[in-house]
Amino acid sequence: MSKLILFILWAVIRAYAATPKQCFENMFPFGVASAVFQTEGAWNMSGKGESIWDRYTHNHPELVFDHTNADVATDSYHKYRDDVRNVKKLGVTFYRFSIAWSRILPTGLINEINEEGLKYYHELIDELLKAGIYPVVTMYHWDLPQSLQDLGGWTNPIIVDYFVDYARLLFQNFGIKVSHWLTFNEPRSFCHDGYGGYNAPGSRSSGLEDYLCGHNVLRAHAMTFRMYEREFSHLKAYVGIALDMVWLEPATTSADDQKAAETARQFTFGWFGHPILSEEGDYPQVMREVIDRNSIHQGFFRSRLPTFTPEEVAMIKKSYHFLGLNHYTTKLVTKGSGNISNKPSYEDDMGVKMSQKPTWPKTNATWINVVPWGFRKTLKWIKNSFNNPPVFITENGAPFEAGLQDVKRVNYIEAYLRSLHDAIYKDGCRVMAYTYWSLMDNYEWMWGYSERFGLFEVDYKSSNLTRSARLSAAFYSTVARTKCIPDNFNYYNYYIIN
Ligand code: GBH
């Protein structure tokens, strides 16, 4: 056989044997995210009002892992130009950030507008647009004005009107500059962890206040969406909400565990997802039934889960242009004991046991294991449960130890992107965009500065809070620019963006 034939044979076999390179659409948008309380600092400067997270971290340093607060954080209020430069370096399409309600409306109420606050966000948005980066704006990423909390915060139905006032002000001021809006970030987290647990405002009233919060947040979200449709649809923007979903996998193949896992999905994602995304609207049936039953059993005269009027069900149903999805990890679910104590509890209502498999690779967050296949399952479940809505991945990421050679983060991103690719191209899930959390290390709520999620490292000891690109920044930048997951990414690529 001639050398030529051998060569052709070799080339053909090689082409077939090689795993095809995984690429996304030419225009598929990649971006990075942050949130105002975690980055901005300047907590009481230029007319900003106090938020519940300012109050909580000031009053309860003992509850924060490293006893720190976010008074300065990454000082993005002053260093936003550096941040935009770094986003630009990555070559991504958009930057997702949030606006501090209390910087624009210091008391939370519409009668007192802080012009300096509006000016600041105009500057930030203009800086992004000048750099060719689209702003994706979250209206509420957990930092409620303290004065509204003094009225009961999200447990008081009156707050809904005040949120809509705030949202209208944002559309009026930034509407022509912003194409994608998220009303809320992770209502389940801030309602349950905030009103039922140890996040601000720290009410610790699980199974009661968290449900009240969720009820009002759903109404506030939908009223904002309908207000947008009535008053601002000429802006041709997209309005959605960011919900979180941990993939909940049955621990065994038993029917009990399958059922427990689905119940847990409904209590976590479904709590907000079902009223907004489903055909029939309203809370998931299993939440309604179980909480009604448990409430009566505990001696209440009515359910701890409030009810919507038929008009509210209709208003909330389909109140979205796209679904924002925050996904980080996976947990195993088994059937719970079925015991209900007299004390209300969201966990008891859900009635399952969650665990993590010891063999799953760990990260620096106790709740995050590296389980990439859970991403694909999450997306497929959303597709099948809610008729394939358009999904914008608003957060995905993990914290690892400090240092620029973050090979573990590169591996996490690569594996999760491959899983995302399968969800899109093998399962037909409609995914519009992907966002890595986070642009840089920042204040991780109750974990303070101890958890680092950044593509850029922040040196908290340096006087100017120096940001430095990690290896993962170079990796992610390659993905964002080429729209393909590189096959043989190695250490030397570190120099791509440095
Ligand atoms: C997101 O929160 C936030 O949007 C963001 O601000 C934050 O920095 C980022 O993620 C990283 O943490 O026991 O499995 O039910 C995620 C907050 C923390 C809420 C874990 C749910 C319990 C998970 N989540 N928490 S589980």
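Note that ligands are numbered from 1 as they come in the structure, with each ligand's atoms numbered from 1 the same way. Numbering starts at 1 and runs along the sequence shown.
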message: Run Tyr346 and Trp271 through side chain to side chain donor-acceptor pair (under 3.5 Å) and show every step you take.
response: CA-CA 11 Å; Tyr346 166 74; Trp271 179 4; over 6 Å; no
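- Given atom 12 (O) of ligand 1, the protein heavy atom at minimum distance is Glu444 OE2, 2.6 Å.
- The nearest non-hydrogen atom to atom 25 (N) of ligand 1, considering only Asp244, Thr394, Asp193, Thr330, comes from Asp193.
- Here Ala35 has no heavy atoms under 4.0 Å from ligand 1, in either its backbone or its side chain.
- Under 4.0 angstrom from ligand 1, the non-hydrogen atoms of Asn185 all belong to its side chain.
- Applying the side-chain contact (heavy atoms from CB on, under 4.5 Å) test between Phe392 and each of Val136, Val431, Leu182 identifies Val136 as the sole match.
- The aromatic rings of Phe37 and Tyr443 lie perpendicular to each other, with more than 60° between the two planes, well past the 30° mark.
- Contact atoms of ligand 1 toward His141: 3 (C), 4 (O), 5 (C), 6 (O) (distance under 4.0 Å to a heavy atom of the residue).
- Contacts between Gln38 and ligand 1 below 4.0 angstrom, taking non-hydrogen atoms only, involve the side chain exclusively.
- Within ligand 1, the atoms closer than 4.0 Å to a non-hydrogen atom of Glu395 are 1 (C), 3 (C), 4 (O), 5 (C), 9 (C), 10 (O), numbered from 1 in the order shown.
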query: Checking side chain to side chain donor-acceptor pair (under 3.5 Å) for the pair Asp54/Asn44: CA distance, chi angles, key distance, verdict?
result: CA-CA 9 Å; Asp54 295 321; Asn44 61 355; over 6 Å; no
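- Counting only heavy atoms of the protein, atom 23 (C) of ligand 1 lies nearest to Trp367 CE3, 3.8 Å.
- Between Trp447 and Phe65, the angle of the ring planes lies from 30° to 60°, which puts this pair in the tilted group.
- For the pair Arg103 and Tyr77, the cation sits on the ring face: its NZ or CZ lies under 6.0 Å from the ring centre, inside 45° of the axis.
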task: Apply side-chain contact (heavy atoms from CB on, under 4.5 Å) to Tyr436 and Tyr416, showing your working.
output: CA-CA 11 Å; Tyr436 181 77; Tyr416 273 75; over 6 Å; no
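- Ranking the protein heavy atoms by distance from atom 26 (S) of ligand 1 puts Lys331 NZ, 3.3 Å first.
- Regarding atom 17 (C) of ligand 1, its nearest protein heavy-atom neighbour is Glu186 OE1, 3.7 Å.
- Of all the atoms in ligand 1, the ones that sit under 4.0 Å from a non-hydrogen atom of Val246 are 14 (O).
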query: Do Glu123 and Tyr80 pass the side chain to side chain donor-acceptor pair (under 3.5 Å) test, and can you show the C-alpha distance, the side-chain angles, and the key distance before you say yes or no?
result: CA-CA 9 Å; Glu123 283 170 11; Tyr80 69 91; 3.2 Å; yes
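- The distance from ligand 1 to the heavy atoms of Trp445 drops below 4.0 Å at these ligand atoms: 5 (C), 6 (O), 7 (C), 8 (O).
- The Phe453 neighbourhood of ligand 1 comprises atoms 11 (C), 12 (O), with distances under 4.0 Å to a heavy atom of that residue.
- In this structure a side-chain-to-backbone donor-acceptor pair under 3.5 Å is missing from Asp427 to Cys429.
- Of all protein heavy atoms, the one lying nearest to atom 10 (O) of ligand 1 is Tyr328 OH, 3.1 Å.
- In this structure, atom 21 (C) of ligand 1 lies nearest to the protein heavy atom Arg188 NH2, 3.9 Å.
- Of all protein heavy atoms, the one closest to atom 19 (C) of ligand 1 is Ser189 OG, 3.1 Å.
- Residues Gln266 and Val286 come closest through the heavy atom pair CB-CG1, 3.6 Å.
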